[in-house]
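Working notes, beginning with the structure itself.
Residue numbers run from 1 in the order of the sequence given.
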Amino acid sequence: PQFTWEAAEDPLVIKYIVEVLNGAGAVLYTERVEGQLVFSYTLAQNKASNGGVALRAFTVRVRSIDMTGSFSEPVTLAVNKPAPPAVVPDLQPAGLSVVVSYERPALTTDIAGALVWMVQASGYDPLQKVPAYDGELNPVFIKGEKGKTYYVRVALYDSYGKSGLNISAE
């Protein structure tokens, strides 16, 4: 994302310091900005600042620095990038397979793939199970066994990864 802010009214201000903080308040990334009042924090920078995993929620803090090296009080903005919304999977039998499909959520353009869990027990925690499918296909054919009952759950993920998922009901 790209962030902008209003210029400081103090004529002695010569630059700004922009910091990205995690949920615990630790500074992950710092950049000094001169001239333009704009700061970009790319997904690549997000991942690099956090050990290879993109943060979905962080805070951007901006302070001005004047000619004497004094810092202003910070202005902050809380940023949140939720995972794609939950979908309602459509299940159709196809021989010994189950065809799992879903409708892409309206206005959601950042979808990198889907996780599909298919388990024989109801009430399971999908995050404790290995998905039967992880990828971009829609629909997905998942092999089953004749005469068995399966419980299916689906979660879409985006370029920010597989954290904070919104998982469908069974």
**OP:** State plainly whether the residues R56 and D158 are in salt-bridge range, i.e. N to O under 4.0 Å.
**Re:** yes

Please check if the side chain of [X] supplies one atom and the backbone of [Y] the other of a donor-acceptor pair under 3.5 Å.
X    : Y    : answer
Y124 : Q128 : no
W117 : P126 : yes
W5   : V62  : no
N22  : A26  : yes
Y16  : V38  : no
S101 : P139 : no
Q45  : T42  : yes
N80  : A57  : no
N46  : Y41  : no
D66  : L12  : no

Drop me the distance from [X]'s [atom1] to [Y]'s [atom2], to the nearest 0.5 angstrom.
X    : Y    : atom1 : atom2 : value
I142 : L96  : CD1   : CG    : 14.0 Å
L77  : R61  : CG    : CZ    : 13.5 Å
Y133 : M118 : OH    : CE    : 14.5 Å
D10  : M67  : CG    : CE    : 10.0 Å
K81  : L43  : NZ    : CG    : 9.0 Å
S122 : Y151 : OG    : OH    : 5.0 Å

Does any non-hydrogen side-chain atom of [Y] lie less than 4.5 Å from one of [X]?
X    : Y   : result
S163 : V53 : no
V20  : T59 : no
T76  : V60 : no
R32  : I65 : yes

Original post:
So, do F58 and Y29 have ring centers that fall under 6.0 Å from each other?
Top reply: no

Subject >> No-hydrogen, no-angle side-chain donor-acceptor test under 3.5 Å, T149 and Q120 >> reply: no

Original post:
Does any donor atom in the side chain of Y102 or S168 lie under 3.5 Å from an acceptor atom in the other side chain?
Top reply: no

Are [X] and [Y] joined in one hydrophobic group, where the rule is that I, L, V, M, F, W and Y side chains link up if heavy atoms are under 4.5 Å apart?
X    : Y    : result
V87  : V98  : yes
V154 : Y157 : no
L91  : L137 : yes
V79  : F39  : yes
F3   : L28  : yes

Subject >> side-chain hydrogen bond (donor to acceptor under 3.5 Å, both in side chains) between S159 and D110, worked out >> reply: CA-CA 7 Å; S159 58; D110 181 13; 2.7 Å; yes

**OP:** Answer yes or no: does atom CD of Q2 have more than 12 heavy-atom neighbours from other residues, nucleotides or ligands under 6.0 Å?
**Re:** yes

Original post:
Of E73, E19, E31, which is the lone residue that meets salt bridge (charged side-chain N to carboxylate O under 4.0 Å, His left out) with R63?
Top reply: E19

